[in-house]
Amino acid sequence: YFIVVIEDITQRKAIQKALQQAESALREANEGLENRVKHRTLQLKRINERLIQEIEHHKHTQKALQKSEERFRAIFEQAAVGIAQVSLEGLIITANPKLCQLLGYGIDELSGKYLTELIAPETGTDYEQEVRELLQNNLGTFSLEQRYHHKTGVLVWVNVTVSLARNPQGKPDYLITIIEDISKRK
């Protein structure tokens, strides 16, 4: 006798075929994902390299700006003449140590004071007229010899040179005022 067992494997074959197709689709999806990850990683690497370059450039620029500011501050603080930044309304915004020494005031005393308060009245009003001309673009700069009041009341002969600083849009911003002691000449 023979015993023959016949089994229907159609369903098993269909399942194996479906599994093979699913595995094949999964491999293709995985390869596609890996390619996208490689491509995006390369993009991010390039972006990161550019960011590193920009950061280095920014650091270099910041260092150069800091050195420039240090040089300007040294010039302002150590100048042999008085220097004041004056608002368009005539208020002293800041002054260097030489101007404070020349007029006998501390920086806190000068800041917020109108520059015209320091001008001896008998000197005349040429200063205010010249500033108006400067603001109307009729002058690039001007110089005047005037007498200023020292804090002690003594009159000091000075040569005042004023120029107009403009903002990046070209509008008048403040006055750069250089005040030189010329008492020995007078």
Side-chain angles (χ1 to χ4, degrees), residues 47-186:
I47 290 169
N48 201 26
E49 288 170 354
R50 282 195 305 262
L51 283 174
I52 289 170
Q53 289 174 346
E54 287 179 22
I55 289 169
E56 288 302 315
H57 177 71
H58 179 72
K59 285 179 182 178
H60 177 73
T61 302
Q62 284 297 105
K63 198 176 272 188
L65 178 61
Q66 182 181 0
K67 285 183 179 184
S68 176
E69 287 174 353
E70 288 170 0
R71 283 191 305 273
F72 170 77
R73 179 63 45 202
I75 290 168
F76 185 77
E77 295 293 328
Q78 299 170 24
V81 294
I83 303 173
Q85 180 185 9
V86 179
S87 74
L88 300 178
E89 295 77 29
L91 288 171
I92 297 172
I93 299 168
T94 189
N96 72 343
K98 185 65 176 185
L99 183 59
C100 294
Q101 175 192 354
L102 176 65
L103 300 176
Y105 291 94
I107 184 62
D108 292 338
E109 294 172 294
L110 278 179
S111 295
K113 188 180 274 295
Y114 283 96
L115 188 64
T116 54
E117 292 176 43
L118 302 171
I119 301 171
E122 62 275 7
T123 303
T125 57
D126 291 344
Y127 176 81
E128 291 170 328
Q129 177 59 36
E130 294 290 326
V131 168
R132 281 192 291 278
E133 293 286 324
L134 191 66
L135 291 174
Q136 293 171 1
N137 288 325
N138 296 334
L139 298 174
T141 187
F142 70 85
S143 293
L144 295 170
E145 288 187 359
Q146 296 181 308
R147 293 193 305 174
Y148 275 38
H149 288 284
H150 188 276
K151 185 177 180 178
T152 61
V154 174
L155 292 176
V156 180
W157 275 101
V158 296
N159 182 57
V160 181
T161 302
V162 180
S163 59
L164 181 62
R166 296 182 178 280
N167 66 20
Q169 292 76 33
K171 303 275 186 213
D173 201 10
Y174 58 89
L175 301 172
I176 302 167
T177 306
I178 308 297
I179 301 174
E180 179 185 10
D181 184 357
I182 58 169
S183 297
K184 292 180 182 174
R185 279 195 332 212
K186 295 289 185 175

Would you indicate whether the side-chain heavy atoms of [Y] and [X] approach each other to under 4.5 Å?
| X | Y | result |
| --- | --- | --- |
| Glu133 | Gln129 | yes |
| Ile179 | Leu115 | yes |
| Tyr174 | Val86 | no |
| Phe142 | Asp126 | no |
| Glu128 | Thr116 | yes |
| His149 | Pro121 | yes |
| Arg166 | Asp173 | no |

Just checking, any donor-acceptor pair under 3.5 angstrom between side chains of Gln53 and Glu49?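 Not at all, the side chains of Gln53 and Glu49 share no donor-acceptor pair under 3.5 Å.
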If you round to the nearest 0.5 Å, how far is [atom2] of [Y] from [atom1] of [X]?
| X | Y | atom1 | atom2 | result |
| --- | --- | --- | --- | --- |
| Ile178 | Leu99 | CD1 | CG | 9.5 Å |
| Leu175 | Gln85 | CG | CD | 9.5 Å |
| Leu110 | Leu91 | CG | CG | 12.0 Å |
| Glu77 | Glu70 | CD | CD | 13.0 Å |
| Glu54 | Ile52 | CD | CD1 | 11.0 Å |
| His60 | Leu65 | NE2 | CG | 11.5 Å |

Main-chain N/O of [Y] paired with [X] side-chain donor or acceptor, under 3.5 Å:
| X | Y | value |
| --- | --- | --- |
| Thr61 | His57 | yes |
| Asn96 | Val81 | yes |
| Ser111 | Thr94 | no |

Quick check: closest heavy atoms across [X] and [Y], and the distance to 0.1 Å?
| X | Y | value |
| --- | --- | --- |
| Ser183 | Trp157 | OG-N, 3.3 Å |
| Lys98 | Gly82 | CG-N, 3.8 Å |
| His150 | Gln101 | NE2-O, 4.1 Å |
| Gln146 | Tyr127 | NE2-CB, 3.4 Å |
| Ser163 | Leu134 | C-CD2, 4.0 Å |
| Pro172 | Leu135 | CB-CD2, 4.2 Å |

Worked check of side chain to side chain contact (heavy atoms under 4.5 Å, CB included) between Glu130 and Leu144: CA-CA 9 Å; Glu130 294 290 326; Leu144 295 170; 4.1 Å; yes
Residues Val160, Ile119; criterion side chain to side chain contact (heavy atoms under 4.5 Å, CB included); working and verdict: CA-CA 11 Å; Val160 181; Ile119 301 171; over 6 Å; no
Tyr105 and side-chain contact (heavy atoms from CB on, under 4.5 Å): which partner among Leu102, Ile107, Leu103? Leu103
Decide side chain to side chain donor-acceptor pair (under 3.5 Å) for Gln62 and Gln66; before the verdict, give the C-alpha distance in whole Å, the side-chain angles of both, and the deciding distance to 0.1 Å. CA-CA 6 Å; Gln62 284 297 105; Gln66 182 181 0; over 6 Å; no
